[in-house]
Amino acid sequence: MNAAPPALDRSLKPLPKAPVRIVHLGLGAFHRSHQAWYTQHAPDTAEWGIAAFTGRRPDAAEALSAQDCLYTLVERSGRGDSFEVIGSIVEAVDGANIARLCELVAAKETAVVTLTITEAAYGLAADGTFDAGAPAVADDLRALSAAAAGEAGVPGSPLGRLVLALARRMNSGAGPVAVVSCDNLSANGEVARRAVVGLASGWGSGLAEWIEMNVSFVSTSVDRITPRTTEEDIAEVAEQCGYRDSSPVVAEPFRNWVLSGDFPAGRPRWEEAGAVVVDDIEPYENRKLWLLNGSHSILAYAGQLRGHSTVAEALADSACRKAVEDFWDEAAHHLQAAGLDIPAYRQALLERFGNARIAHRLAQIAADATTKLRMRAVPVLAAERASGRAGSGAALMLAAWIDYVAVTDDFQDPLAADIRKANALEGGQRVQALLRLVSADVADDPHIVSLVSGLCGTFTPQAAAPTPL
Ligand code: CS2
């Protein structure tokens, strides 16, 4: 019998441990395939270590800590896999360890706080504003005001925790810092600012003002398809690399990072690893959110309705592919800025989505629809209607979601209870109530409600195998 391979640690891969200068909230696969990769590949990587905090559970931090915070990035192309050990995360911490978060954010050496906390964690109302009345936000506002008064108060959300930590930074005199949202939201820096400043009102005593003066909120567009790691991936790393890694991460070879904003306390030279720094991020953000994420949402709902479970399978179904291409045609009308090269971007997406070696689960993409559709379908629909066209491609994305929630109860969404309530209604009323959870403007337009109602039923479950193109 073969002996088990040794566990991955720094004796196997002697990567230097850089000092913590970046604090990250949301230690998940995407952070590890994206920002940690860019930090490792920056020329000044030896000066920039990341302390990454988990969200709800400690598991990922425990697993990573047990192997010196090293892990394998499996870059999976259509032709094969390549393996690289990433060492830019130097500390992995349970998100509930608020004392450590405060200590690190309050330290002078910390210059950057990055976020991958999911779109749903920014406390946005359906109209895109910060929702102080949402239950989780209200709890955090109370916890922050208790903490400010010296009483026991521990915010539960990542941004609530960040605000507590920023209060410590204000008091420590460590000076300005950059907060960099890496979630798929348009104007994510501005959204993060609104949420953080909104929550800081719970603390009182000048924190919101200090944040306005000292915290730079950087907007970014982030891209790298990173499916959930499977047991097979773990076994493959053991076999190919000759060590045991409990936490490898699998990603496509493609990666992209566009950033816009100030870093008052410095940052790694990410641009030398391929990141792009721009003055106006909006065209890049829209290109990515509409063309990539929008078509992902179409494939997630239409694809599952037609019996598929991965992006590559759904794209190989001509009915799903047509819906994607129609939506892209619509979105392209509103992506006219110089240098966007939409035809090349679309072609690259077809190749990326078609990489069948990446098993990107549609069920994973289908989560948090109400927040995602607001960024992916609604702006294109609004722009199309403002240009005098129907916007059927974007409306079909909404219709596919509406059909999807009719046939499954197994969905994750911040508004899951409201979706279930709306689902109990019939016909046009049901469609309108569901649309209202995404956007009041959409739900209040009778033409859109009837357009979407008419498109419901487009994707019927298919009995046969996907139609080859
Ligand atoms: C996906 C994204 O789950 C989703 O909603 O659309 O995670 C997508 O894979 C990434 O944004 C790719 O960069």
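Whatever order the structure lists them in is the order used to number ligands and atoms, beginning at 1. Throughout, numbering of the chain's residues begins at 1 and tracks the sequence. Hydrogens, waters and symmetry mates play no part in the numbers below; they use all other heavy atoms, side chains included.
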Do we get [X] above [Y]'s six-membered ring, with its NZ or CZ under 6.0 Å from the centre and within 45° of the axis?
X	Y	answer
Arg255	Trp37	yes
Arg224	Tyr38	no
Arg267	Phe263	yes

Less than 3.5 Å between some nitrogen or oxygen of [X] and one of ligand 1, yes or no?
X	value
Asn184	yes
Asp223	yes
Arg352	no

**Q.** Top protein contact for atom 6 (O) of ligand 1, by heavy-atom distance
**A.** His296 ND1, 2.8 Å
Q) What residue and heavy atom of the protein are closest to atom 2 (C) of ligand 1, and at what distance? A) Asn293 ND2, 3.5 Å
Q: Check whether any side-chain N or O of Arg376 sits under 3.5 Å from a backbone N or O of Asn293 as a donor-acceptor pair, and report yes or no.
A: yes
For [X], take its heavy atoms, then give the atoms of ligand 1 lying under 4.0 Å from any of them.
X	result
His360	9 (O)
Arg224	12 (C), 13 (O)
Lys288	10 (C), 11 (O), 12 (C), 13 (O)

Q | Single hit among Thr370, Ile298, Leu396 for side-chain contact (heavy atoms from CB on, under 4.5 Å) with Trp401 | A |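 Among Thr370, Ile298, Leu396, the one meeting side-chain contact (heavy atoms from CB on, under 4.5 Å) with Trp401 is Thr370.
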Q.
Does only the side chain of Ile365 get under 4.0 Å from ligand 1, or the backbone, or both, or neither? Count heavy atoms.
A. both
Q: Nearest heavy atom to atom 3 (O) of ligand 1 wins, so pick from Lys372, Arg376, Met375, His34.
A: Lys372
Q | Steps toward ring pair (Phe, Tyr, Trp, His ring centres under 6.0 Å) verdict (Phe353, His296) | A | CA-CA 9 Å; Phe353 288 1; His296 256 176; 4.7 Å; yes
Q | Flag side-chain contact, heavy atom, 4.5 Å: Gln240 against Asp81 | A |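 No, too far: nothing below the 4.5 Å cut-off.
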